[in-house]
Amino acid sequence: MKDYNCIFCKLANGDIPTNTIYEDEKYRVILDLGPATRGHALILPKDHYCDLYELPDEVCGEVMKLAKRMAARMTERLQCSGFNLVQNNGESAGQTVRHFHLHLIPRYDDDKQNINWVPQEPSQEELENIRKTICGE
């Protein structure tokens, strides 16, 4: 299913020109127009899913398999020294387009990019309470 008002549906389905580095019947991988590093790309399903929560399990597995293949190819051909996969869900997590997409970000020793967070220091009691909440205990 497509959402004809979604910019990423239009990009994924070829309605808007892209710098495509891979395409098959279900996915298009394009270079990001505002890249974090050289070669930064996006995996876009051609069907519309707002986020990870809407993504069928089968599609989720296919996206990760495609990400693995693309990361290997990009690492070899771009000669990057590392690789990040980034996927955001919801505005508070940094999602700016409501169409599931996975960022493929080649990393280089001197790229000056940081994908990090400030580590918290929860007590063992807090960790146990969180574990129980998640597990439904």
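Positions are given from 1, in the same order as the sequence printed here. Only a predicted model underlies this, so the values are computations on that prediction, with no experimental measurement involved.
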Would you say the side-chain atoms of [X] pair up with the backbone N or O of [Y], donor to acceptor, closer than 3.5 Å?
{"X": "D47", "Y": "M1", "answer": "yes"}
{"X": "N84", "Y": "V86", "answer": "no"}
{"X": "N129", "Y": "E126", "answer": "no"}
{"X": "N13", "Y": "D15", "answer": "no"}
{"X": "R107", "Y": "Q113", "answer": "yes"}
{"X": "Y49", "Y": "V59", "answer": "no"}
{"X": "D3", "Y": "N5", "answer": "yes"}
{"X": "T37", "Y": "P106", "answer": "yes"}
{"X": "R28", "Y": "A12", "answer": "yes"}
{"X": "Q120", "Y": "V118", "answer": "yes"}

Contacts of type salt bridge (Lys or Arg N to Asp or Glu O under 4.0 Å), residue E76, not counting sequence neighbours: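 Per chain and number, E76 pairs via salt bridge (Lys or Arg N to Asp or Glu O under 4.0 Å) with no residue.
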[X] [atom1]: over 12 foreign heavy atoms closer than 6.0 Å:
{"X": "L33", "atom1": "CG", "value": "no"}
{"X": "D109", "atom1": "CG", "value": "no"}
{"X": "Q124", "atom1": "CD", "value": "no"}
{"X": "K2", "atom1": "NZ", "value": "yes"}

Is any side-chain heavy atom of [X] closer than 4.5 Å to a side-chain heavy atom of [Y]?
{"X": "M74", "Y": "I21", "value": "yes"}
{"X": "E125", "Y": "E128", "value": "no"}
{"X": "V29", "Y": "T20", "value": "no"}

Under-4.0 Å salt bridge between [X] and [Y]:
{"X": "K46", "Y": "E23", "answer": "yes"}
{"X": "E58", "Y": "K26", "answer": "yes"}
{"X": "E62", "Y": "K65", "answer": "no"}

Taking atom [atom1] of [X] and atom [atom2] of [Y], what is their separation to the nearest 0.5 Å?
{"X": "E54", "Y": "F100", "atom1": "CD", "atom2": "CZ", "value": "11.5 Å"}
{"X": "L85", "Y": "I43", "atom1": "CG", "atom2": "CD1", "value": "7.5 Å"}
{"X": "N89", "Y": "Y53", "atom1": "CG", "atom2": "OH", "value": "5.0 Å"}
{"X": "R77", "Y": "T75", "atom1": "CZ", "atom2": "OG1", "value": "11.5 Å"}
{"X": "I30", "Y": "F8", "atom1": "CD1", "atom2": "CZ", "value": "6.0 Å"}
{"X": "C9", "Y": "H48", "atom1": "SG", "atom2": "NE2", "value": "5.5 Å"}

Cluster check Y22, L31: I/L/V/M/F/W/Y, side chain < 4.5 angstrom: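 Linked, Y22 and L31 end up in one cluster.
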Hphob cluster co-occupancy, V97 + L52, side-chain heavy atoms under 4.5 angstrom: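 No, V97 and L52 fall in different hydrophobic clusters.
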Listed partners of H103 passing ring-ring contact (aromatic ring centres under 6.0 Å, His included), at least two apart: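 Counting only residues at least two positions away or on another chain, H103 forms a ring-ring contact (aromatic ring centres under 6.0 Å, His included) with H40, H101.
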Check against side-chain contact (heavy atoms from CB on, under 4.5 Å), Y27 and L44: CA-CA 6 Å; Y27 305 98; L44 303 173; over 6 Å; no
Heavy-atom pair of closest approach, residues M64 and L102: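 For M64 versus L102, the nearest heavy atoms are SD-CD2, 4.3 Å.
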Minimum heavy-atom distance L55-C60, with the two atoms named: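 L55 and C60 have their closest heavy atoms at CD2-CA, 3.8 Å.
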